Novice: 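Got a structure for you, questions after.
What you see is a predicted model, and the numbers here were worked out from it, not measured in a lab.
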Amino acid sequence: MVSCFTLDSATEFLFGKNVCSLSTGLIYPPSSPHSKDVAFANHPADKFAHAFSDAQIATAYRDRFGSAWCLSEFWTDRVKKHMGTCYEFIDPILKEALEKNKMLKENIDEKADAKDRDIKEGETLLDHLVNYTEDPVVIRDEILNIMIAGRDTTAATLNFVIYMLAQNPNVLRRLWEEILGKVGSSRRPTYDGMRDMKYLRAVGNGESYSNLTFS
């Protein structure tokens with residue numbers, strides 16, 4: 001469930017559109033009969049998530065063979081078929097962003113350098129990258145590289161934090177008090193508010209566990 005959340009947030013930040021993997025419903029282990037539900041398996045978000053994970057596994061498998069990995073895939077590319085599913089989601093968004101940027105350049109002063117412009121609020125990484133290169137392969141590779149950290153690393157951190165908070169209710173209570181004091185129970189957090197919540201940052205960064213009084 002956490003991986004679905006981080007995948008949605010990462011694709012929203014990177015592309016401006018998320019894959020809505022949380023809309024696929026509850027995630028069941030492979031041994032559960034519910035995991036074989038056709039509606040779940042054929043959901044576009046689930047296809048993307050599985051293809052992205054399978055591509056990572058296939059890429060990691062190549063490390064076993066070192067520079068000779070291509071010999072193990074002499075007849076077929078194990079990564080390509082999975083990335084094709086990912087590209088079906090990414091390429092239309094990338095094409096739209098490149099066309100939009102091209103139209104903007106035609107309407108602004110040719111002397112103005114798009115690279116020196118200020119970053120606008122709500123701008124995605126894709127919006128930013130199209131100002132530096134129009135090579136779709138370069139842009140796509142850069143975004144996918146960051147997506148790995150945006151989903152996997154963040155999900156691992158959140159899972160660990162949730163586990164540790166469950167084991168240490170005193171830390172959870174102090175964290176909850178800070179969040180209620182700075183944000184409240186109904187308002188959305190702001191960047192300024194996040195900066196003010198030092199205890200939240202310490203918990204998220206995994207810093208100074210002894211100072212956080214973990215048992």
Novice: Under the rule for salt bridge (Lys or Arg N to Asp or Glu O under 4.0 Å), what residues qualify as partners of D196, not counting sequence neighbours?
Specialist: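 With neighbours one apart ignored, the set is empty.
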
Novice: Nearest 0.5 angstrom please: E177 CD to Y199 OH, how far?
Specialist: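 Those atoms lie 10.0 Å apart.
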
Novice: Which heavy atom in L98 sits nearest to a heavy atom in T133, and how many Å separate them?
Specialist: CD2-O, 4.3 Å

Novice: Under 4.5 Å between side-chain heavy atoms, hopping through other hydrophobics if needed: is there a path connecting L158 to V19?
Specialist: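 They do not share one cluster, since no chain of ILVMFWY contacts under 4.5 Å joins L158 to V19.
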
Novice: Same hydrophobic cluster for V183 and M194, using side-chain heavy-atom links shorter than 4.5 Å among ILVMFWY?
Specialist: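 Per the 4.5 Å side-chain linkage, V183 and M194 are co-clustered.
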
Novice: What is the minimum heavy-atom distance between P136 and L94, and which atoms define it?
Specialist: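 Heavy-atom minimum between the residues: O-CD2, 3.3 Å.
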
Novice: So F52 and F48, would you call those rings parallel, tilted or perpendicular, with 30° and 60° as cut-offs?
Specialist: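 F52 and F48: parallel rings.
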
Novice: Does some side-chain heavy atom of Y87 sit less than 4.5 Å from a side-chain heavy atom of L144?
Specialist: yes

Novice: Does the side chain of I143 come within less than 4.5 Å of F15's, by heavy atoms?
Specialist: yes

Novice: At their closest point, which heavy atom of A155 faces which heavy atom of S3, and how far apart are they?
Specialist: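 Where A155 meets S3 most closely, the heavy atoms are CB-OG, 3.8 Å.
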
Novice: Could you check whether any side-chain heavy atom of S185 comes within less than 4.5 Å of a side-chain heavy atom of L180, counting everything from C-beta outward?
Specialist: yes

Novice: Any side-chain heavy-atom pair from L14 and L126 closer than 4.5 angstrom?
Specialist: no

Novice: Is a salt bridge present between R62 and E73, judged by a nitrogen-to-oxygen distance below 4.0 Å?
Specialist: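 A salt bridge links R62 with E73.
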
Novice: Distance check, rounded to the nearest 0.5 Å: K95 atom NZ versus E99 atom CD?
Specialist: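 The distance works out to 5.5 Å.
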
Novice: Backbone N or O of T124 within a donor-acceptor pair of the D127 side chain at under 3.5 Å?
Specialist: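 Yes, because the side chain of D127 sits within donor-acceptor range (under 3.5 Å) of the backbone of T124.
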
Novice: Can you name the nearest heavy-atom pair linking N18 to T11, along with the distance?
Specialist: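 Heavy atoms only, the tightest pair is CA-OG1, 3.1 Å.
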
Novice: Roughly how far, to the nearest 0.5 Å, is CD1 of I162 from CD of Q167?
Specialist: 13.0 Å

Novice: Check the hydrophobic clustering (I, L, V, M, F, W, Y; side-chain heavy atoms under 4.5 Å; chains of links allowed) and say if I90 and I146 are grouped together.
Specialist: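 Yes.
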
Novice: Would you say that more than 12 heavy atoms from the other residues, nucleotides or ligands in this model lie under 6.0 Å from the CH2 of W176, or not?
Specialist: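 Atom CH2 in W176 is not packed in, count stays at 12 or less.
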
Novice: Do other residues, nucleotides or ligands put more than 12 heavy atoms under 6.0 Å from the CZ atom of F5?
Specialist: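 Result for CZ/F5: open.
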
Novice: Do the non-hydrogen side-chain atoms of I148 and Q56 ever get within less than 4.5 Å of each other?
Specialist: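 When only atoms from C-beta onward are counted, Q56 and I148 do touch, with a gap below 4.5 Å.
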
Novice: Could you measure the distance from the CE atom of M147 to the CG atom of D152? Nearest 0.5 Å is fine.
Specialist: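 Answer for the CE-CG pair, M147 versus D152, is 10.5 Å.
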
Novice: For S72 and W69, indicate whether the former's side chain and the latter's backbone hold a donor-acceptor pair under 3.5 Å.
Specialist: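 Indeed, once roles are kept as given, a pair shorter than 3.5 Å links the two residues.
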
Novice: What are the two closest heavy atoms between V130 and A97, and how far apart are they?
Specialist: CG1-CB, 4.2 Å

Novice: Would a hydrophobic clustering, with Ile, Leu, Val, Met, Phe, Trp and Tyr connected at side-chain separations under 4.5 Å, put F160 with L7?
Specialist: no

Novice: Rounded to the nearest 0.5 Å, how far does CG of L200 lie from CG of L175?
Specialist: 5.5 Å

Novice: Mind checking the NE2-CG spacing from H82 to D77? Nearest 0.5 Å is all I need.
Specialist: 9.5 Å

Novice: Show the nearest heavy-atom pair for residues C20 and D8, with the distance to one decimal.
Specialist: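 Shortest heavy-atom contact: N-OD1, 3.2 Å.
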
Novice: Please determine if R78 and D54 form a salt bridge, counting it only when a charged side-chain N lies under 4.0 Å from a carboxylate O.
Specialist: no

Novice: What verdict does the side-chain contact (heavy atoms from CB on, under 4.5 Å) test give for C86 and R140, after you've listed the backbone C-alpha separation in whole Å, the side-chain angles of each residue and the deciding distance to 0.1 Å?
Specialist: CA-CA 11 Å; C86 296; R140 190 173 62 190; over 6 Å; no

